[in-house]
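Data first, discussion second: the structure below is written as structure tokens.
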Number of protein chains: 2
Amino acid sequence: MSATAESSAGALPASSQGAVPALATVLLARIARVVRRRFETALGPLGLRQRQIVALSYLRGHGPTAQQRLAEQLCMDPSSLVCLLNSLEERDLVVRRRDRSDRRRGLVVLSSRGEDALGEVDPALARVEEAILADLDIGERELLRGLLARITAGELDWELGAGDP
Amino acid sequence: MSATAESSAGALPASSQGAVPALATVLLARIARVVRRRFETALGPLGLRQRQIVALSYLRGHGPTAQQRLAEQLCMDPSSLVCLLNSLEERDLVVRRRDRSDRRRGLVVLSSRGEDALGEVDPALARVEEAILADLDIGERELLRGLLARITAGELDWELGAGDP
DNA sequence: CCGAATGGTTTGTGAAGAACCAACCTTCCG
DNA sequence: CGGAAGGTTGGTTCTTCACAAACCATTCGG
């Protein structure tokens with residue numbers, strides 16, 4: 001790309017204050033710890049875990065999804081995903097259906113109970129988000145969400161190692 | 001706050017497409033999985049882990065830090081932080097010094113070897129970031145980094161449960 | 001001066017996540 | 001029909017890490 005992009009592949013963002021600012025991904029990793037803890041705290045009473053919510057949330061946003069694709073999107077090992085889906089199926093939060101066009105393939109579908117469960121936890125998760133993003137105004141939160149959504153919408157690089165030299 | 005803020009405490013962001021978009025924090029949790037895996041892959045050959053880099057990166061950006069504060073900022077249990085610092089001290093990546101004004105208090109200082117180690121991993125981590133944020137342009141990446149930095153700069157709510165009703 | 005509190009450390013336990021692997025079954029395709 | 005694909009099971013191993021109790025050194029207020 002441009003010289004700027006080239007330099008960014010080997011250097012940290014410039015700082016006007018002398019201290020070396022952390023990479024966005026390092027900051028994101030820090031914030032994710034807090035998100036996780038607070039999500040787990042909020043979800044505990046409902047017997048749910050963050051990773052279940054992440055999966056349910058994905059299905060609510062994307063509709064029925066092939067299991068293999070779901071594993072890719074959630075960056076999970078296929079057998080780990082099977083365990084997760086088993087736990088969701090036990091609670092009737094998702095349904096697995098065979099793809100008629102290729103019966104090897106399983107489609108994971110958010111059930112109505114799953115939608116209800118999400119609806120139930122939404123307020124609590126929204127409060128967690130409110131607290132974590134307290135220093136951003138509404139517009140900035142939307143901006144952040146949009147950027148994060150763009151990142152997750154991209155196909156490139158979800159696979160471990162993809163795109164690496 | 002405003003009615004908008006009030007409504008956001010109990011509802012998901014409106015979508016123009018019908019599908020319910022995920023919360024920013026849910027998206028962030030997903031992305032963090034990828035960040036972690038790719039960081040661990042990049043750091044493995046150097047015998048480092050993401051959580052060590054997060055700590056070193058914090059110290060590089062903030063200077064000598066009281067241990068208690070570091071635990072807060074990294075959202076870690078004090079005894080877990082002790083283990084982490086022990087592993088960094090063993091590698092001479094940090095130095096612990098007593099605060100002269102209160103000798104109970106320990107200050108954690110990034111050592112010159114720690115700075116060198118960070119310098120060594122910076123290119124690899126920058127490449128991970130480049131790959132993960134590939135769908136954002138340079139300006140958007142800076143914007144994202146700025147928003148994340150604002151979130152981590154905030155004191156409020158790093159404590160588990162703080163700010164909750 | 002003393003007791004309570006603070007900051008840090010050690011040791012141990014238990015829980016959870018989750019990658020990885022081998023083996024297996026069903027289905028698809030050339 | 002054989003190889004590949006999609007999914008599943010069961011197991012192993014590793015890591016994280018919160019939590020708790022007990023301890024030590026230091027500080028501070030009464």
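So you know, we letter chains A, B, ... as the sequences are listed, proteins then strands, and number each from 1. All values below were derived from every heavy atom in this structure, side-chain atoms included, with hydrogens, water molecules and symmetry-related copies excluded. Keep in mind that this is a model prediction, so the values were computed, not measured.
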Checklist outcome for this item: In whole angstroms, the gap separating P of dG7(D) from CG of Asp77(A) amounts to 13 Å

Checklist entry - Ignoring hydrogens and geometry, is there a side-chain-to-backbone donor-acceptor pair from Arg145(B) to Ala22(A) under 3.5 Å? => result yes

Checklist entry - Listed in order of residue number, which residues of residues 83-103 of chain B have a non-hydrogen atom at under 4.0 Å from DNA chain C? => result Asn86(B), Arg96(B), Arg98(B)

Next on the checklist: Please determine whether a side-chain nitrogen or oxygen atom of Ser80(A) lies at a distance below 4.0 Å from atom OP1 or OP2 of dA19(C).
Outcome noted: yes

Checklist entry - Does Ala149(A) have any side-chain contact (heavy atoms from CB on, under 4.5 Å) partners at least two apart in sequence or in another chain, and if so, which? => result Leu27(B)

Checklist entry - In whole angstrom, what separates Leu81(B)'s CG from dG7(C)'s P? => result 14 Å

Checklist entry - Would you say the side chain of Ser79(B) and the base of dA20(D) hold a donor-acceptor pair, judged only by whether the two atoms sit under 3.5 Å apart? => result yes

Checklist entry - So, does Thr65(A) use its side chain to make a donor-acceptor pair with the main chain of Gly63(A) at under 3.5 Å? => result yes

Item to check | Distance, rounded to the nearest Å, where Met76(B) contributes CE and dT9(C) contributes P | outcome: 13 Å

Next on the checklist: For Asp116(A), give me all partners under side chain to side chain donor-acceptor pair (under 3.5 Å), at least two apart in sequence or on another chain.
Outcome noted: none

Checklist entry - Is there a donor-acceptor pair under 3.5 Å between the side chain of Arg141(A) and the backbone N or O of Leu136(A)? => result yes

Checklist entry - By side chain to side chain donor-acceptor pair (under 3.5 Å), which residues pair with Arg33(A), not counting sequence neighbours? => result none

Next on the checklist: Ignoring hydrogens, what is the shortest heavy-atom contact between Asp135(B) and Gly154(A)? Give both atom names and the distance.
Outcome noted: OD2-CA, 2.9 Å

Please list each protein N or O that sits under 3.5 Å from an N or O in nucleotides 1-5 of chain D, with the distance.
{"from": "dA5(D)", "atom 1": "O4'", "to": "Arg104(A)", "atom 2": "NH1", "distance (Å)": "3.1"}

Checklist entry - So what is the end-to-end bend of the helix from dC1(C)-dG30(D) to dG30(C)-dC1(D), with 5 pairs used at each end and the value given to 10 degrees? => result 30°

Item to check | salt bridge (Lys or Arg N to Asp or Glu O under 4.0 Å) partners for Asp102(B), two or more places apart | outcome: Arg104(B)

Item to check | Contacts of type side chain to side chain donor-acceptor pair (under 3.5 Å), residue Arg49(B), not counting sequence neighbours | outcome: Glu40(B)

Would you mind writing out the side-chain donor-acceptor pairs for residues 78-95 of chain A within the sub-3.5 Å range, not counting sequence neighbours?
{"from": "Ser79(A)", "atom 1": "OG", "to": "Asp77(A)", "atom 2": "OD2", "distance (Å)": "2.5"}
{"from": "Asn86(A)", "atom 1": "OD1", "to": "Arg96(A)", "atom 2": "NH1", "distance (Å)": "2.8"}
{"from": "Asn86(A)", "atom 1": "OD1", "to": "Arg96(A)", "atom 2": "NH2", "distance (Å)": "3.3"}
{"from": "Asn86(A)", "atom 1": "ND2", "to": "Val82(A)", "atom 2": "O", "distance (Å)": "3.4"}
{"from": "Ser87(A)", "atom 1": "OG", "to": "Gln52(A)", "atom 2": "NE2", "distance (Å)": "3.0"}
{"from": "Ser87(A)", "atom 1": "OG", "to": "Leu84(A)", "atom 2": "O", "distance (Å)": "2.7"}
{"from": "Glu89(A)", "atom 1": "OE1", "to": "Arg96(A)", "atom 2": "NH1", "distance (Å)": "2.8"}
{"from": "Arg91(A)", "atom 1": "NH1", "to": "Gly47(A)", "atom 2": "O", "distance (Å)": "2.8"}
{"from": "Arg91(A)", "atom 1": "NH2", "to": "Leu46(A)", "atom 2": "O", "distance (Å)": "3.3"}

Please list each protein N or O that sits under 3.5 Å from an N or O in nucleotides 14-17 of chain C, with the distance.
{"from": "dA16(C)", "atom 1": "O3'", "to": "Arg49(A)", "atom 2": "NH2", "distance (Å)": "3.3"}

Next on the checklist: Counting only side-chain heavy atoms from C-beta out, which of dT9(C), dC20(C), dC19(D) sits nearest to Pro78(B)?
Outcome noted: dT9(C)

Checklist entry - Gln52(B) CD to dC17(D) P: how many Å, rounded? => result 11 Å

Next on the checklist: Checking Asp137(A) now: which residues fulfil side-chain contact (heavy atoms from CB on, under 4.5 Å) with it, not counting sequence neighbours?
Outcome noted: Glu140(A)

Checklist entry - Can you list the steps and then say if Leu144(A) with Leu148(B) is a side-chain contact (heavy atoms from CB on, under 4.5 Å)? => result CA-CA 8 Å; Leu144(A) 175 67; Leu148(B) 298 175; 4.1 Å; yes

Item to check | Under the side-chain contact (heavy atoms from CB on, under 4.5 Å) test, residues paired with Leu107(B) that sit two or more places apart | outcome: Ala66(B), Asp99(B)

